[in-house]
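Letters A, B, ... mirror the listed sequences (proteins, then strands); counts begin at 1.
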Amino acid sequence: MGRIKLIYDKLLKHFGFQGWWPVTPSCGAEPVYGIKTRTEDQIFEIIIGAILTQNTAWTNVEKALIQLNKNKLISIEKINKINKEELAGLIRSAGYFNQKAERLKIISEFLLENPINRLKKENIKSLRTKLLKINGVGPETADSIILYALNKPIFVIDAYTKRVCGRMGFREKMYEELQTLFMENLPKDAKVFNEYHALLVELGKNYCKKKPICKECPVTSLCKKDLNSIKKMD
DNA sequence: CGCCAGGGCCTCA
DNA sequence: TGAGGCCATGGC
């Protein structure tokens, strides 16, 4: 069995099932994990979360999502209509609030022209191309939307994944290279891609941090411990 | 107090 | 293509 799959098995055993993407169960409630089927509002909330979490701690995103829920704004039409400055005030806790308010307006406009029901039917490649044209949507955000909001099998690469893979000793560095590495060594299953990415985030937060805790790391036996990479990422 | 978090865009070599 | 600046809050 390949290293990619071995790492996955160990991470799953160590951290347990993650059940991303966390979604607020009702207005103002704290996001919960492990929901399986998504309503259209929940799908939109995931898309909003994917924008808000750009280079931002999820705890700060949660607060912003709660504000939006309290104001009944998890709605494509309402985000489209709301005044940008007012929106920025509501998502303040997520940081970069002016940029993100602008991005939420842009993507909700896109969703008016490209309804979620129609996006669901598109193939991944054309969908990804379309999403990447949206200002404020880069590769990670696009892939998060495809995987976590629309439940289609694509692998999400983030800063944690890059750091972990560098230290582990994988040669791939570019986004699409890393994405291919994972997708070619795993079953083409959205559930596996979903879970694996979430587990890598857990690993990056708890062990493979800027200052790594290799002694306690659950996948240390599978790691090359690339010191050069560790120093470079420090 | 400084560091960092589930990026992306823009500019300049 | 790659490095660097910029956007900003809240937790530790």
Side-chain angles (χ1 to χ4, degrees), chain A residues 8 11 15 17-24 30-34 45-68 84-107 110 128-150 154-167 171-179 182 190 193-213 229-234:
Chain A
Y8 176 67
L11 290 177
F15 291 109
F17 181 69
Q18 301 297 304
W20 274 24
W21 183 286
V23 169
T24 57
E30 194 174 301
V32 294
Y33 294 73
E45 191 186 277
I46 293 171
I47 294 173
I48 293 174
I51 299 283
L52 294 184
T53 199
Q54 289 171 352
N55 199 37
T56 299
W58 180 254
T59 50
N60 289 354
V61 177
E62 265 186 22
K63 298 178 201 303
L65 288 176
I66 289 169
Q67 285 308 304
L68 294 178
K84 196 195 300 174
E85 286 68 35
E86 190 183 344
L87 178 58
L90 290 168
I91 63 170
R92 187 175 180 281
S93 70
Y96 310 126
F97 46 82
N98 289 316
Q99 265 193 13
K100 286 175 179 176
E102 170 75 13
R103 291 177 183 180
L104 290 183
K105 300 284 288 178
I106 291 174
I107 203 159
F110 170 84
R128 189 171 199 267
T129 304
K130 207 173 278 186
L131 289 172
L132 287 175
K133 285 179 185 161
I134 303 171
N135 191 0
V137 176
E140 184 185 340
T141 306
D143 292 336
S144 293
I145 290 171
I146 296 169
L147 176 64
Y148 290 107
L150 301 176
I154 196 161
F155 203 94
V156 177
I157 304 298
D158 67 344
Y160 289 131
T161 311
K162 289 177 186 167
R163 186 164 74 202
V164 168
C165 287
R167 291 174 178 173
R171 301 170 185 281
E172 293 81 352
K173 293 183 189 302
M174 298 294 91
Y175 188 100
E176 275 78 10
E177 283 179 349
L178 280 163
Q179 184 172 56
F182 282 93
F193 294 168
N194 176 325
E195 195 56 26
Y196 203 155
H197 173 70
L199 288 165
L200 285 170
V201 171
E202 240 9 64
L203 181 68
K205 278 183 181 173
N206 295 295
Y207 299 98
C208 207
K209 308 197 260 194
K210 287 231 166 180
K211 273 179 82 99
I213 311 175
S229 173
I230 290 176
K231 278 182 184 169
K232 264 171 68 181
M233 305 299 247
D234 237 10

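Here the side chains of Ile145(A) and Ile107(A) are in contact, with some heavy-atom distance below 4.5 Å. In this structure, Ile91(A) and Gln67(A) have side chains that are not in contact, with every pair of non-hydrogen atoms separated by 4.5 Å or more.
Lys173(A) has its NZ atom 13 Å from the C1' atom of dG2(C), to the nearest Å. Spacing between atom CG of Asn55(A) and atom P of dG7(B) amounts to 5 Å, rounded to whole angstrom units. For the pair Gln99(A) CD and dT9(C) P, the computed distance is 13 Å after rounding to whole Å. Distance Lys210(A) NZ to dC12(C) C1': 16 Å, rounded to the nearest Å. Separating the CD atom of Gln18(A) from the P atom of dG6(B) is a distance of 13 Å, rounded to the nearest angstrom. The nearest whole Å value for the distance from the NZ atom in Lys100(A) to the P atom in dG7(B) is 9 Å.
In this structure, the aromatic ring of Trp20(A) is positioned over the six-membered ring of the base of dG6(B), centres within 5.5 Å and planes within 30°.
dG5(C) and dC4(B): their P atoms are spaced 16 Å apart (whole Å). On the P atoms, dG4(C) is 23 Å away from dG6(B), given to the nearest whole Å. Taking the P atom of each, dC10(B) and dA8(C) are spaced 15 Å apart, rounded to whole Å.
The side chain of Ser93(A) has dG10(C) as its nearest neighbour among dC9(B), dG6(B), dG10(C). Side-chain proximity of Arg92(A) to the nucleotides dG8(B), dG6(B), dT9(C) is greatest for dT9(C). Residue Phe97(A) places its side chain closer to dT9(C) than to any other of dA5(B), dC9(B), dT9(C). Of all nucleotides listed (dA5(B), dG7(B), dG11(C)), dG11(C) comes nearest to the side chain of Thr59(A). Side-chain proximity of Arg163(A) to the nucleotides dG6(B), dA5(B), dC9(B) is greatest for dA5(B). Of the candidate nucleotides dG2(C), dA5(B), dG8(B), dG2(C) has the atom lying nearest to any side-chain atom of Met174(A).
For dG8(B), the OP1/OP2 oxygens have a side-chain nitrogen or oxygen of Thr141(A) closer than 4.0 Å. The phosphate of dA8(C) has OP1 or OP2 within less than 4.0 Å of a side-chain N or O from Asn98(A). For Arg103(A) and dG7(B), the shortest distance from a side-chain N or O to OP1 or OP2 is not below 4.0 Å. Look at Lys63(A) and you'll find a side-chain N or O under 4.0 angstrom from OP1 or OP2 of dG11(C).
Residue-level contact check: Asp158(A) touches the backbone only, with heavy atoms under 4.0 Å from sugar-phosphate atoms and none from bases. Residue-level contact check: Gly95(A) touches the bases, meaning some heavy atom is under 4.0 Å from a base atom. Among the protein residues, Glu140(A) comes within range of the sugar-phosphate backbone only, with heavy atoms under 4.0 Å from sugar or phosphate atoms but none that close to a base. Within 4.0 Å of Val156(A), counting heavy atoms only, lies no atom of the nucleic acid at all.
Considering every non-hydrogen atom in both Phe15(A) and Leu199(A), the closest pair reads CB-CD2, 3.7 Å.
Atoms CD1 and CH2, from Ile46(A) and Trp21(A) in turn, are 7.5 Å apart once rounded to the nearest 0.5 Å. Considering CG of Leu87(A) and CG of Leu68(A), their distance stands at 6.5 Å, rounded to 0.5 Å.
Where pairing requires Watson-Crick or G-U contacts shorter than 3.5 Å, the helical stems of DNA chain C with at least three consecutive pairs are B:2-5 with C:9-12, B:7-13 with C:1-7.
In this structure, the ring of Tyr196(A) has its center less than 6.0 angstrom from the ring center of Phe155(A).
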